[in-house]
Amino acid sequence: MKIRNSILIVCLIVLSKSILIAGEGMWIPMLLQSLNEKEMQDMGMKFTADDIYSINHSSMKDAILLFGRGCTSEIISDEGLLLTNHHCGFGAIQKHSSVEHDYLTDGFWAMSREEELVNPGLTATLMLEMRDISKEVNNGVRADMTENERNAMISDNIKTLVEGFEKQSEYKAKIVPFYKGNQYYMIITETFKDIRLVGAPPSNIGKFGGDTDNWMWPRHTGDFSLFRIYVGKDGKPAEYSEDNIPYTPKYHFPISLQGTDLGDFTMVFGYPARTNEYLPSYALELITEIGNPQKIKLRETRLDIFRKYSEKDPEVRIQYATKHARVANYWKKMIGESSGVKRMHAIEDKREYEKQFVQWVNSSDYTKNEYSGMISGFENYYSQLKPLSLARDYFSEAVMGMEIVSFSFQYKNLVNLSRVKNPDKEKIANEIEKLKKRNTTFFKDYYKPIDKEVVAQMLKYYDQNIEGDFKPEFFAVIHKKYKSDYSAYTDMIFKKSIFDDEAALNNLLNNYKPKDYKVILKDPAFHVSDEFYDIYMSKIKTPYFNISKNIDSLQRKFMKAQMEMNPGKRFYPDANFTLRVSYGKVDGYKPRDAVNFRHFTTLEGIMDKENPDIYDYVVEDRLKELYMQKDYGKYADKDGSLHISFIASNHTTGGNSGSPVIDANGNLIGVNFDRAWEGTMSDLAYDPDVCRNISLDIRYFLFVVDKFAGAGYLVDEMDLVQ
Ligand code: ARG
Ligand code: GLU
């Protein structure tokens with residue numbers, strides 16, 4: 001009896017674990033039928049893998065587009081209406097904004113097709129088909145080849161295959177490695193080039209909670225914006241023209257007004273950019289215990305300086321708003337990621353796993369032959385990589401973080417064009433035009449006192465943390481001539497440089513003669529950036545690249561070995577900016593002792609957070625009015641309240657922003673826009689207990705469009721399911 005009970009308990013634990021674990025993974029659309037369909041249906045899904053991805057008839061994939069270069073979007077009407085996040089449309093909204101029409105602050109609603117705004121350069125890309133092309137890519141690759149020979153052969157094959165495809169097709173193709181280069185898929189796409197802005201809520205809805213609430217639950221952000229795809233009269237992608245017509249998609253998502261309940265099936269379909277779930281422990285250690293903490297400190301220093309001046313001067317706050325959001329976003333993510341990995345003991349778990357792996361390798365002649373020495377190989381490569389990786393991080397975070405330094409570096413090309421024997425006048429003239437434009441954009445959002453403090457701090461941190469070999473010569477000058485006073489050296493830079501002076505720079509460009517390159521070379525800001533650049537090119541870039549190449553080929557074999565070691569296990573490939581399906585369940589979580597998070601938020605929560613004195617928590621009068629009247633119409637939940645956002649256990653990452661969240665019936669119920677803080681390590685290790693994606697409740701979107709903005713005619717265009 002006793003034994004029976006304990007067996008039962010073990011079974012229950014195993015069972016409940018396997019139920020919870022349904023959530024991890026970003027799956028390949030064309031393999032769903034064989035790998036996932038059954039589990040998805042067991043979890044409640046009422047449609048089939050073929051409804052998600054098919055090349056024979058229209059399917060959900062025909063309504064999902066890569067938005068710009070980094071987000072996902074979905075089509076929600078048969079006239080090409082495209083839904084994505086506010087933070088994804090932000091750049092476009094900002095470009096149309098001016099003091100007279102501040103669409104960022106006030107929102108924007110095209111009340112007719114004519115009012116929709118054109119966005120030159122903005123694209124949306126549809127995946128038409130994916131093909132497993134591993135065999136063709138590996139054609140001619142032999143086991144006795146060196147890694148370099150192998151890589152060259154594969155690159156050649158890829159080039160030939162893509163060219164071959166594109167020659168006979170109107171579409172574009174690219175070939176992408178999956179499973180660390182153990183498989184290759186050809187991705188066939190069509191890119192739309194006339195994407196017009198249709199609507200955006202005011203920032204205090206679309207960015208409500210700002211950077212304060214970013215990466216956190218409970219969340220109340222109305223993070224959406226609306227666009228429309230236009231095509232030529234032939235229905236094909238075309239550059240903007242007045243004659244273009246709205247796109248008729250093969251598929252668009254119906255929208256559910258039903259809402260979600262705890263435990264409901266959800267699916268996220270979009271473009272996750274990068275994950276690294278199969279790294280060895282040494283890599284995890286380098287990222288979370290060395291790289292992240294250093295980068296966090298460097299970013300924190302800059303953010304503190306931004307904040308200090310932004311609080312004093314609202315104009316500075318606007319100038320540095322985008323910079324602040326960009327720096328703060330991954331600053332916060334890295335903190336969450338490192339502490340999540342620690343909390344999970346992910347490094348220790350990997351070490352344990354590596355021990356088992358070595359045992360497995362030693363268990364047969366075949367495995368010994370194929371896979372011996374891999375873990376110690378990783379150890380060796382990562383210890384070589386460490387100083388280089390740190391220096392590289394300091395280049396991207398500290399050196400590029402000094403605005404005057406990274407900006408002056410843009411003049412390098414002009415110097416190079418000028419210092420040759422017979423300078424090409426035309427090329428120089430073009431370069432000067434480019435630089436003049438850059439000057440305008442740079443100085444529009446530049447505040448010298450901020451940069452001055454940043455430069456002094458970044459130089460100090462670089463000096464203190466980076467090995468002597470990677471230090472430019474000017475550091476010796478700082479120590480000798482400036483008695484190690486980084487601020488004094490910085491003062492000298494700003495006193496003598498013209499790169500902090502728009503008028504002086506334009507004057508140089510307007511009267512530029514090739515011999516003037518000497519003025520640039522002598523400039524102390526340019527001098528600093530040039531010395532940094534030399535060090536990077538001569539001592540960091542190539543060795544880093546070479547070690548990384550060795551690691552990549554080891555990682556490819558490690559992936560293959562792991563799949564052989566666990567033949568029963570389903571492996572999903574790391575995210576690589578290709579279309580993927582994640583699925584999970586609506587679920588709250590327990591972030592810490594005694595705290596239990598519910599799975600949804602409501603308008604009440606917005607009113608609770610309201611604070612007219614804090615920028616991130618200002619609530620529009622119109623929204624307050626609607627709240628007072630409790631007039632939510634058909635957008636109210638069955639509990640009577642207006643739901644704002646919800647969380648579920650779908651495995652997502654950057655790039656999934658804007659992805660549709662789909663219910664068991666295939667209807668749109670939300671738009672993915674973030675992850676919850678405690679689960680941000682899911683790019684490296686997924687913990688089913690706390691990894692949650694955050695989605696906008698689609699009914700809040702409809703409510704804002706219809707009731708708040710009075711753009712109900714847009715809702716008429718959509719298919720609402722009661
Ligand atoms: N954390 C979300 C995503 O990477 C949202 C970022 C934009 N929002 C913000 N408050 N900065 O990337
Ligand atoms: N906000 C992220 C994006 O822009 C999604 C959040 C995440 O990393 O999961 O793609």
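When a residue number appears, it is its place in the shown sequence, counting from 1. One-based numbering, in listed order, for ligands and for the atoms of each.
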Next item on the list: Return yes if a side-chain donor-acceptor contact under 3.5 Å exists between T191 and T125, otherwise no.
Entry: yes
Hydrogens and angles aside, do Y583 and E39 bring a side-chain donor and acceptor to less than 3.5 Å of each other?
yes
Distance-only N or O hit between ligand 2 and [X], under 3.5 Å:
X: N672; result: no
X: G654; result: yes
X: R675; result: yes
X: G70; result: no

[X] versus ligand 1: do any nitrogen or oxygen atoms come within less than 3.5 Å of each other?
X: Y330; result: no
X: D211; result: yes
X: S657; result: no

Subject >> Aromatic ring pairing Y278/F571, orientation class (parallel under 30°, perpendicular over 60°, tilted between) >> reply: tilted
Q) In terms of ring plane angle, is the pair H324 and F306 parallel, tilted or perpendicular, where the classes change at 30° and 60°? A) tilted
Ring centres under 6.0 Å, that's the criterion: do Y103 and H96 meet it? no
Aromatic contact between F407 and F443, with the criterion being ring centroids under 6.0 Å apart: yes or no? yes
Report the part of [X] (side chain from C-beta onward, or backbone N, CA, C, O) that has a heavy atom under 4.0 Å from ligand 2; answer both or neither where that applies.
X: Y271; answer: neither
X: H87; answer: side chain
X: N656; answer: backbone

Here the atoms of ligand 2 under 4.0 Å from any heavy atom belonging to W215 are 6 (C), 7 (C), 8 (O)
Quick note on ligand 2: atoms under 4.0 Å from a heavy atom of G655 include exactly 3 (C), 10 (O)
Please determine if [X] forms a cation-pi arrangement with [Y], meaning its NZ or CZ atom is less than 6.0 Å from the six-membered ring centre and no more than 45° off the ring axis.
X: R302; Y: W331; answer: no
X: R699; Y: F703; answer: no
X: K312; Y: Y309; answer: yes
X: K297; Y: Y461; answer: yes

Value for OG1 (T84) from CZ (F90), rounded to nearest 0.5 Å, stands at 14.0 Å
Evaluate the ring-ring contact (aromatic ring centres under 6.0 Å, His included) criterion for residues Y447 and Y320: first the C-alpha distance (whole Å), next the side-chain angles of each, then the deciding distance (0.1 Å), finally the verdict.
CA-CA 8 Å; Y447 188 60; Y320 277 72; 7.1 Å; no
Notebook entry, point to check: Does G654 have a heavy atom less than 4.0 Å from any atom of ligand 1?
Noted result: no
Is it true that F673 lies under 4.0 Å from ligand 1, counting heavy atoms only? yes
Measure the distance from [atom] to every protein heavy atom, then report the residue, atom name and distance (to 0.1 Å) of the closest one.
atom: atom 2 (C) of ligand 1; value: D674 OD1, 3.2 Å
atom: atom 6 (C) of ligand 1; value: N329 OD1, 3.6 Å
atom: atom 5 (C) of ligand 2; value: S657 OG, 3.1 Å
atom: atom 5 (C) of ligand 1; value: N214 OD1, 3.4 Å

Under 4.0 Å from one or more heavy atoms of G210, ligand 1 contributes atoms 10 (N)
